[in-house]
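Structure first, commentary second.
Chain letters run A, B, ... following the sequence lines, proteins first and then strands; every chain starts at 1. Since this is a predicted model, take the numbers as computed values, not measurements.
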Amino acid sequence: MQDYIGWVPLLPFIGFVLLAGAALFRKQEIPETLSAIIGAGSVGLAALLVALIGREFLANGAEPFTVTAWQWIDTGGLQAGFSFYIDGLTLVMLGVITGVGFLIHLYSAGYMRGDDGYRRYFSYLNLFVSAMLILVMADNLALLYLGWEGVGLCSYLLIGFWYKDAANGAAARKAFIVTRVGDTAMAIGLCVLFMHFGTLDIQQINGEAGAPGVDAGIATLAALLLLGGAVGKSAQMPLQTWLPDAMAGPTPVSALIHAATMVTAGVYLIARTHPLFEASEFAMMAVATVGALTLFIAGCSALVQSDIKRILAYSTISQIGYMFFALGVGAWSAGIFHLVTHAFFKALLFLAAGSVILSLHHEQDIFRMGGLRKKMPVTFLSFVIGCACLAALPFTSGFYSKDAILLQAWNHFGGLHWLWLLGTLGAIVTGVYSFRLLLLVFFGKEGSASKHCNDANTAIMSGPLLVLCTLALAGGLLTLPLAGVFTTDPAQTGQLVINHTAEIIAIAAPLIGLAIALFAFRKGWFAENAGSKTWFGKQLAPWWRNGWGFDAAYDALLVRPFTGLAGLNKSDIVDSFYKFTIQVSQVLHRQLSATQTGQLRWYAMTMVAGSIFILALVALL
Amino acid sequence: MNAEALQALTPILTLSGVIILLMLIVAFLRNHRLTLGLTLLGIAVTVWSTLNVSPLLETDPIAVTGLLVVSRESLLFYLLFLLSAAVVSILAFHSFEQGTAIQPEDSGEKRNKGDFHTRPTFQEEFYLLLLISLLGAIVLVSASHFATLFLGLELMGLALYALIAFPAIHANRNSRSKDQALEAGFKYLVLSALATAFLLFGIALIYAQYGQLQFAAINAAAAAGQGTPVLLAIGLVLLLIGIAFKLSLAPFHFWTPDVYQGAPTPATAYVATVSKGAVIAITLKLFSDIGAFEMRAPMQVFAVLAVTSMLAGNLLALQQENIKRLLAYSSIAHIGYLIVAFLVGRQEFGREAVIYYLVAYIVTTLGAFAVVSLTADYARRANTQSSPYRISFYKGMFWRSPWLATSFTMMLLSLAGIPLTIGFIGKFYIFAAGVQAGYWALLSAVILGSAIGLYYYLRIIVMMVQRPGAVVHDDASSGEVSPGEVSPSAKLTHEGVSIAISGQMVLAVLTVALLAFGIFPQILINWIQ
Amino acid sequence: MVDVVVPELWPLIAYFLAVLGLVVLMLTLSHFLGQRRRDRATDEPYESGIVSVGSARLRFSIGFYLVAILFVIFDLEAIYLFAWAISFREAGMLGFIEASIFIGVLLVGLIYLWRLGALDWGGKQKSLEQRESVNANNGK
């Protein structure tokens, strides 16, 4: 079975080729059902294959293996090809991508029905899944980078999916350019690694970085550069600004790409190269700091948003912050565990939000919603479970993972530490904003948009929602096969000390958040204009709402000076270089063309002249 | 001559037999379809006998009477040329059926349909000449003696003159295209004779030095002596000039565009692929057999010719409007690239690079000319106004005939060396070979040339995907409908380029080969190794 | 090679330059010193004082060429056979087979030429055409 692993990314790719190539086969658009079958079916088959391989993998004692999926060239000392490295971590990612991906594909089949770009939508989505699978399966960083760029491209295409609205195009460009900053750092990081280790093979680098006596300076530099890439892709500080805008795409896209899978690629990258990070104290601290700051800042922003998708977007940033925080404190498996549970409940929340939006005829303002719990029972159920998981209420999946993170952070810092405090505060904030969202949308009195609500959930949409509900609830009971991957993680080596103070605080934090939310809702503090006179409403809330002013700062500091400079330099010196090239080519072309006289005499003469020239050359050299 | 040697000779003997048989049949029974069938059958039988010889050569090449050496490598070339000739003959069949081979280009000339049928067109002889030229190519690549080399080269060349000037046979006196073909044939004949003079003089000088004509004997004599004698060096350089003409390396390239344009397209395809391929193959063999890779003079000359060809070819193609001339210029550049790998031919990797690039070049060029030829056939049948050889004819092709355009796009991308096509692997090989040898100046010329090349290949692709808003060619039969009024969907059904099944199959096979060897190059590499 | 050639080369170059200089000198001198006259008869061809008549471009029938070339081809082949005839015994059976193949190929060529009408004066096509046109005229 394991030899067929190459088919896992290939199946969605075939789906993409079929869907994209459909224009070649037929003059008219192919039926929507066929698009959906190809799109969802290929991912479904991949998921099935992953499940089968996973069973065999576990039965074999979770032994990592490498499969050469495609040997491209092997000659003259050069070998190029695709090799996939599969271990517990990869398998977990594969399961999440294909499993959650399949559910979201199914949901999309219902959600996107009637859209002009139905086929285009599924072809992008399949390409995305394929690229994401390559990203996690790659055995060397170059291939990983290919997948990395592939998902970036698909993200761009899908954010700007409704390209007729210029704002969507702008959002897509913003996402692409901001992540590009990170990608550049990562590319430099790859170069540093290659220069130092002479290879891009992940296992070799890990082996050498993990060995004693590795140059700490190089490790720090490379790790920080990789962190730059991860920060861009995972929307962490200071490159988090693109994710809220990325909500311009169709909601299932937000669920799959901007919540469940792609944005966690940064987490995966750091986890994949963890020996490199472990070799550098400073890099670890940087990861933890980035994570803790992001989770708090994004949580506060989520608290004051009014757009349902933006709330979820900020909550995604915040939750990925938790994952980074976990990685930074060496709680590798807890971070990955949170990645998995987050994928379940955030996909659930986004899909449920999609149902709300569709049912309310594309209304996204939560202040116009309210009282929907009777009208949309399935969605309501989904939201309750999703918010409970997000807030990490006890015995939901989010609880197990977030609890583990905070506990290990406490152990890592050996007691109270400001980063741990930020994490705990963040947990309270998470509780507040998730229940604020739930209460405002489903309870209280009906908003202006709720009156026109008709439940848009069809069977193909409710099905995935219910499956995800189950996963989100029960996901905490999973045991991930990560023991062989993270050998330094105390949670895997059985050296985890459980500190009861920290444990109790971690359990209490979301409950406190819930209590605050209920109290505030009762008091009416969540209403649209409540507290606008206070200092909080005047100063802090707008600042938080705009994502702590990062956008404005970047706009003033980078974008405006850059466009200004570009404007000044419109007809710049570089252009003249290209124009010069064109002119030289054209002149040479004309000169040479003039020699093609078509006259035999001239041709014969040039031959003789050429021969004399060559003989002279030989004589002189 | 023992039995083993005789068996090693079977492909050549089979092909000769086929030619004589076909000549007899043609003498008594003129039937176009039958002739094509027999030609393909003959090629198939020769392929079969070639494959039969292959097991004999597991260990060593077999020398036949000191004139010929049959090795596994030469068998690979046999197969390559035989298959190319099969493609060319299929293209020729369609060209003759539509009359494009008789009148490659008639711009606005009034055509009388009766013309083609009352007057004999001798189209059967085209296949006969093709096979003779093929025989020459096959003899050439297995030569191990200057006499055989010359014999093969001339056999190939003589048949080619007639193939190029073929439309001249057609009795329509005042046709411009007839003059063009005749002109092309004559240019090739005269210049070729000049080149052959150089070649022969070179051989004579080498003979004067050592008194030997056999490659191995010359090598032995050269190895016994000290350094490179002046006569040998000059002789090789003169020989090389003759070869450079056949390969149309600048500055011996002047004939190329005129001949490519004037000849019937299938003949052009043949000149561009088999004729050049055979010369490359024998040059590789000659150089390694007589140890010319170790000599400075011929290598330096080759290096200079490579650079001039790459630059001149690409620059000349830059704004070319005629697709056949464009492909002619691009072929000049491509042989230039190939020579870069050739310079490393001493090493096993260099040989591999040369052969791989040659295969890539032949597959791609055949494909491109197949598209051009079949499109021209269609244009003749549909009686279009504009010349099918102008690249503007391809405007909007993608929307009219997506498959044809896709296939052509593949060919062009392969010529430009874009990944996942066979052309990319070929170019990659050249780079790898050049880097190994440290030819940085040459490689920078390759890069510069490729960059210029991208422009004109992409220009055609861009032209093909342009929406057919400004209609370049409109159906003359439905002249009353002005182009602007035709709705896009109506255009799709009306103006798609329709191609006969066998032509489609040729294109499909070539495109698949191009992609397959681009995605899984290992298959071909293993064959070569 | 360079070291060997260059010292021997320079007298050659000097000689070449001297020749070039002399030719240029002679042409320039004659250009300036010689007299030039343009008369009615200046451009006429000189044929021992006899005034030339008619065009120099005569058209022969292609038939002559065809016969000549066929003669040359088959005559030349006879030379090879002559060589074989002298060494008939030494060449033995193998030589006999090879010569037979050679003659066979020649024969096929001859048959082909005959069918093509190359042996008819003026070519088969011409005669066919004439016959057809006669028939057409008769039909009228």
Heavy-atom distance under 4.5 Å to chain A: side chain of [X], backbone, both or neither?
X      : answer
B:Y455 : neither
B:A405 : neither
B:L240 : neither
B:I452 : neither
B:E183 : side chain

| message | Measuring only between side-chain heavy atoms, which start at C-beta, is B:L199 closer than 4.5 Å to B:I243? | response | yes
Side chain [X], main chain [Y], donor-acceptor under 3.5 Å:
X      : Y      : result
A:T66  : A:Y85  : no
A:R119 : A:L19  : yes
A:Y603 : A:G598 : yes

| field | chain B contact via A:T595 - side chain, backbone, both or neither, heavy atoms under 4.5 Å | value | both
| A:L617 versus chain B, the contacting section by heavy-atom distance below 4.5 Å | side chain
| field | For B:V465, all residues meeting side chain to side chain contact (heavy atoms under 4.5 Å, CB included), sequence neighbours excluded | value | B:F398
| query | A:F84 and A:F65: aromatic ring centres closer than 6.0 Å? | reply | no
| query | Do the ring centers of B:F431 and B:F428 come within less than 6.0 Å of each other? | reply | no
| note | If you tally heavy-atom pairs under 4.5 Å between each of A:S611, A:S585, A:G610 and chain B, the highest tally belongs to A:S611
| message | Can you list everything that forms a side chain to side chain donor-acceptor pair (under 3.5 Å) with A:Y145? Sequence neighbours excluded, please. | response | A:E149
| said: Heavy atom to heavy atom, less than 4.5 Å: which residues from residues 121-128 of chain A reach chain B? | reply: none
| query | With under 30° as parallel and over 60° as perpendicular, where do the rings of B:F245 and B:Y188 fit, or are they tilted in between? | reply | parallel
| query | Of all residues at least two apart in sequence or in a different chain, which pass the salt bridge (charged side-chain N to carboxylate O under 4.0 Å, His left out) check with B:R346? | reply | B:E294
